Amino acid sequence: MKIAVIGAGYVGATTSVIFAKNGHKVTVIDKDQEKIKQFNQSILPFYEEGVEELLKEFILDAKISFTSNLEESIEPCDLIFITVGTPSLENGEADLTYVEEVAREIGRLINDYKVIVTKSTVPIGTGDKLKGIILNELSKRKLEISFDLVSNPEFLREGKALHDALYPERVVIGTDSEKAQKIMEELYKEVDSKIIFTTVKNAEMIKYASNAFLATKISFINELARLCDQIGVNVNQVAKGMGMDSRIGPHFLQAGIGYGGSCFPKDIKALLTLAAENQNPMHILQAVSYVNQTQAEWFMEKVSQVFGTLSGRHIAILGLTFKPQTDDIREASSLKIIEFLLKNQASITAYDPKGAEHVKKLFPNINYASTPLDALKGADALLIVTEWNEIINIDWQSAINLVSQPFVFDGRNTLDPFKMLKLGYRYFGVGNTNFE
Ligand code: UDX
Ligand code: UDX
């Protein structure tokens, strides 16, 4: 099939690569010409493991191409995917400007039947809205062209997007059209046993509900960790014991300094706003959001308490991205931590293998190290903020000679506390402080 994918972010790019891999001819369209230029030189403008290699291969084989010209590219396509961003507005609602503009463009340009698929995360009811926008444009052109609007939300984790796109646990397809259903079935025939067909609105809700539930698990364990810290309980052991119950499951129970990224914070805000607009406030989700907003600060208060004051202390921050294997710093806890430290007059040296350049634009006046060991030199405390392998696997035995004081604050509960104590460090985790 011929497929147009509008929006070359990590979702659009990764999805396109998988469609090309499955034998389809894909055109990726992005209004950002600089980005398109990079793609055309086989350069991925962001870091997502494995995607660039496949991109090179498929560009050479002419299975995938990149352009900013929507007009020329969508006409020959059977399917048009919308994967532009849906960031948060000031009031928490999802900003649908880009998605709506793309729908208008589609309405202005199509001349025969198309399946139009939203993959961007959009509030419930957006599918109907986009259908209306396209119909309106077609009626301005006095054309009666049939099309179907399908919702096919993405569930790709950054850093593992390629894996998730290749081996999805489920493919949710919302449509009320048999014709569109058949085309989508054909598109996903490699994973047909994983497909759930439902209505457009149900599909839109499945996406929000899934992210909201995962965020709930994280905030639950983080809030519990605060209590564990106070009363001498190890939250890691608690999570392990809970997770062995298959009704609970072991995933997303890793206590830490909160969730970040381009999805959880914005999707939770959008669902809360939708609920409030419908006079149906979601109290659990409000608490999930509150716990997350305060989790990094709670952790930093712990650091402050140990030192009495942070003024004049030199702090090493290890990891800046919102999670490992990505260069994405959107809503990363590191940003809150840097702000907290600056407010408390501490000095900072930060290290991250992929995200430092992005953070530098926001905080040009802190120090950046080019290796984890460089970051530790002379530090009064080191904070583990992102659990990159090269940070976990630091030679801790040698590293103790570099620091000024051996305080380790493990914001991701990722190091072995007993090993660290044996090496002479003072170790503080999240909900597992009582080792001394
Ligand atoms: C995606 C989804 O779109 C979002 O809804 C979902 O929740 C997470 O994944 P992401 O891939 O992170 O977002 O998007 P982003 O990195 O913001 O990229 C979107 C691309 O769309 C950008 O390259 C931007 O230039 C492009 N774009 C945006 C257009 O081509 N046209 C527009 O009108 C707006
Ligand atoms: C998420 C969803 O997992 C994915 O399905 C969706 O489509 C996009 O949003 P992503 O944001 O890439 O993916 O990352 P994810 O692995 O879900 O982690 C999100 C945040 O939660 C990270 O900051 C991570 O550090 C944090 N997290 C995750 C925890 O603090 N504890 C956990 O147990 C799991």
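These values consider heavy atoms only, across backbone and side chains, with no hydrogens, waters or symmetry-generated copies. Everything quoted here is computed from the prediction, not taken from an experiment. The residues of the chain are indexed from 1 along the displayed sequence. Just so you know, ligand 1 is whichever comes first in the structure, and atom 1 is the first atom listed for that ligand.
- Atoms of ligand 1 found under 4.0 Å from any heavy atom of Thr86 (numbered from 1 in listed order, with element): 4 (C), 5 (O).
- Every atom of ligand 1 is numbered from 1 in the order shown, and the set under 4.0 Å from a heavy atom of Asp32 is 25 (O).
- At most 12 heavy atoms of other shown residues, nucleotides or ligands fall within 6.0 angstrom of atom OH in Tyr290.
- The shortest heavy-atom distance from Glu101 to ligand 1 is not under 4.0 Å.
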Please tabulate, for the side chains in residues 258-271, all donor-acceptor contacts under 3.5 angstrom to protein atoms that are two or more places apart in sequence or on a different chain.
residue: Ser262; atom: OG; partner: Glu158; partner atom: OE2; Å: 3.2
residue: Lys266; atom: NZ; partner: Thr86; partner atom: OG1; Å: 3.4
residue: Asp267; atom: OD2; partner: Asn211; partner atom: ND2; Å: 2.8

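- Heavy-atom contacts of Lys35 reach the following atoms of ligand 1: 22 (C), 23 (O) (cutoff under 4.0 Å).
- By the side chain to side chain donor-acceptor pair (under 3.5 Å) test, Glu390 pairs with Tyr351, sequence neighbours left out.
- Taking a 6.0 Å sphere around CD of Glu105, one finds it holds more than 12 heavy atoms contributed by other residues, nucleotides or ligands.
- Sorted by chain then number, the residues whose non-hydrogen atoms approach ligand 2 to under 4.0 Å are Glu154, Phe155, Leu156, Arg157, Glu158, Lys207, Asn211, Ile218, Phe252, Leu253, Gln254, Tyr259, Gly260, Cys263, Phe264, Phe322, Lys323, Arg412.
- Ala381 is linked by a side-chain contact (heavy atoms from CB on, under 4.5 Å) to Phe307, Ile315, Phe407, Phe409, counting only residues two or more places apart in sequence or in another chain.
- Using a 4.0 angstrom heavy-atom cutoff, Thr83 counts as in contact with ligand 1.
- Ionic pairing of Asp164 and Arg157 is present here: one or more N-O contacts between side-chain nitrogen and carboxylate oxygen are shorter than 4.0 angstrom.
- By the 4.0 Å N-to-carboxylate-O rule, Lys129 lies close enough to Glu100 to be salt-bridged with it.
- In this structure, His24 and Phe19 have perpendicular ring planes: the angle between them is above 60°, well past the 30° mark.
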